Amino acid sequence: MAANVFPFRDARSAPDPVLEAGPVAHGLLPVPLVLDNGSFQVRAGWACPGQDPGPEPRLQFRAVCARGRGGARGGSGPQVGNALGSLEPLRWMLRSPFDRNVPVNLELQELLLDYSFQHLGVSSQGCVDHPIVLTEAVCNPLYSRQMMSELLFECYGIPKVAYGIDSLFSFYHNKPKNSMCSGLIISSGYQCTHVLPILEGRLDAKNCKRINLGGSQAAGYLQRLLQLKYPGHLAAITLSRMEEILHEHSYIAEDYVEELHKWRCPDYYENNVHKMQLPFSSKLLGSTLTSEEKQERRQQQLRRLQELNARRREEKLQLDQERLDRLLYVQELLEDGQMDQFHKALIELNMDSPEELQSYIQKLSSAVEQAKQKILQAEVNLEVDVVDSKPEPVFNLAAYHQLFVGTERIRAPEIIFQPSLIGEEQAGIAETLQYILDRYPKDVQETLVQNVFLTGGNTMYPGMKARMEKELLEMRPFQSSFQVQLASNPVLDAWYGARDWALDHLDDNEVWITRKEYEEKGGEYLKEHRASNIYVPIRLPKQASRSSDAQASSKGSAAGGGGAGEQA
Amino acid sequence: MAAQIPIVATTSTPGIVRNSKKRPASPSHNGSSGGGYGASKKKKVSASSFAQPCLSPSTMIVRPPQPRGTGISMEAMNENKVVPSEFSTGPVEKAAKPLPFKDPNFVHSGHGGAVAGKKNRTWKNLKQILASERALPWQLNDPNYFSIDAPPSFKPAKKYSDVSGLLANYTDPQSKLRFSTIEEFSYIRRLPSDVVTGYLALRKATSIVP
């Protein structure tokens, strides 16, 4: 039936044009560049008020790069993001600077930044002359921030940088201009999901929790489920198509167990299964023949075998017959009374007595009889076979190339609520939320729960908000209230929030890390602001140019620094 | 790998620290067979060979089979760097232009490459970074990347069928797969062993202990 059959879009990304920065970038004050550096996508754009560059980020591209295919494509070098077109042919060559949600490979990060600056139209010579707002992971490791600062200041020569957390930017973008709010942010991204409590406008970092599951794990889970269900279509079940299924055909069940009960019923299944139509491929189960051809071949083989067998049987029969004749002749010798010749013949035949001869004759004659019977039967069978072959039923070729996505629609997104589905030991979102709430006194819990905020691309499943409300209902005291809000644009709000923040703080020197401060205090230095991490002043040894120096450099003492690092 | 040595040999000029990602001060740079050195590079070759094109502006086409050609192009790019070229808005050409807003002599200190000699040659991955972060003098209440990992779950996990995802009341003793209906059971019993292992691996339930 044609209901619920969906094709795969298999979209290819168009390469980004190299944009002109325009007059906006050359105002009096250099305009900040806002980069939401995510493990799934990088979003980059200018932060200036007004319509000129457009309020939305000018660049959005996947945070991956790959060398040209085949390796021998000299000259074009590694391609980044949207210049790759479709990701699938290059799946094994894709490299990302991220390891989970932290950039670790700064050379690839450099490539991504090159791409962003180049396509945004940065044209300043010798350095990138714009302040940069960059997002980082929650509680970013100091080493990673040090590497990132080094890249920005030394390679690109930027004047100043500010680091922030993407979910906090998104939170502030969705709230009115009220910086003193408290709430709970649940931010689910590509690689991990964070639960972040905000108290009085400032992140309460020691009570944050991170679950290491996100969109990429859901896509991987879905891919393996479908590959195990359809082993014949292993190559056609690609991660890009899985992401397509997740984005467009999956939802989160409000009550998982109840929803599963609904799926048991065959009518519900028929109505709600999504049949993803794969493009037709002539490879059926690995053989290149159609079913009729295969049958033909099988029949031919059978016939050949039968003929062979028949011939062998006839030959054997022939031999046996001859032998029987000889033995009979010898027996006749006995009957005729020619004893000498008889004995001589017996010796020749290697037999001892006439009885043995007799029994041998009997055995042989019965064998000959049987052989004759078999030959007759085989001939009869052969005729019967030729008449009796009916064709295999022609099966529905379209249905063979369809993937039936039924309960997988709810199973894949469910892993953030029940990580035990893929064997993770961590607690799901609901249990983590409860764990965090229990660390606060009751009145603080009340305020936090009034302002639960969902952001991040992995929260965009239909039914996410209803599910969160149900989970909160289960864990909160009877008849207490709570409020769940979804970000207006969970994917891009982090960038918008960062842009708003940049515009608010253009002149504020308290929040930007300048080059001078980088040189004095090291790359891991962070200036706190309302959307930033908490800074713990531990000095990292500078990754020196000679490995011998690295051990010798001093570690700044952090004994007294712990107090300063506590959140306000 | 010997293929990389010819490239290294051509970039012996001091100004191009960046091009010679391959250790200017190390013995292999002389082009002589860096015997043990070559052997110790075996794991990192893929990373560093990929890293080569990352220094995109000046070493876009480091092609091992044509060492002479790249040598020439790199010489040419020296001149390019000295004169900051007008940035073209056209598509990237074969001999890629150095991007003007970058410092062409920048070397990452984190990546071993040219500067760290034999010690660290690749980027640390997250596990290594976290391991070294643990060793720093944190106070008890400081938030850091590994302290905000979510705790393991206290609630018992619900059991779902491996095949259909419905609630599973039963487990097949032979293959340890969970199922919920009789049809699923017959389906499971007819599965090839690789699919069975696949389902178990999905749940991280494969165990080498019999």
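Below, chains carry the letters A, B, ... as their sequence lines are ordered, and counting in each starts from 1. Fair warning: this is a prediction, and the values are worked out from it, not measured in the lab.
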Heavy-atom contact with chain A under 4.5 Å, split by part of B:Val196
neither
Chain A contact via B:Leu130 - side chain, backbone, both or neither, heavy atoms under 4.5 Å:
side chain
Thinking salt bridges, do B:Glu184 and B:Arg178 make one under a 4.0 Å N-O criterion?
no
Among A:Val195, A:Asn207, A:Asn140, A:Leu225, which residue forms the greatest number of heavy-atom pairs with chain B at distances under 4.5 Å?
A:Leu225
If only atom types and distance count, is the side chain of A:Thr432 paired as donor or acceptor with the main-chain N or O of A:Gly428 below 3.5 Å?
yes
Please rank A:Pro141, A:Cys208, A:Pro419, A:Pro231 by heavy-atom pairs under 4.5 Å with chain B and give me the top one.
A:Pro141
By a 4.5 Å heavy-atom criterion (distance strictly below it), what part of B:Tyr187 contacts chain A: side chain, backbone, both, or neither?
side chain
Which one, B:Arg203, B:Lys159, B:Glu133, B:Lys158, leads in non-hydrogen pairs under 4.5 Å with chain A?
B:Glu133
What part of A:Gln418 gets closer than 4.5 Å to chain B, counting heavy atoms only: side chain, backbone, both or neither?
side chain
Charged N to carboxylate O below 4.0 Å: is that the case for A:Arg411 and A:Glu414?
no
Heavy atoms from other residues, nucleotides or ligands near OH of B:Tyr170 exceed 12 (cutoff 6.0 Å):
no
So does B:Gln128 get a backbone contact from the side chain of B:Asn125, meaning a donor-acceptor N/O pair under 3.5 Å?
yes
Give me the ring orientation class for B:Phe179 and B:Phe185: parallel if the planes are under 30° apart, tilted from 30 to 60°, perpendicular past 60°.
tilted
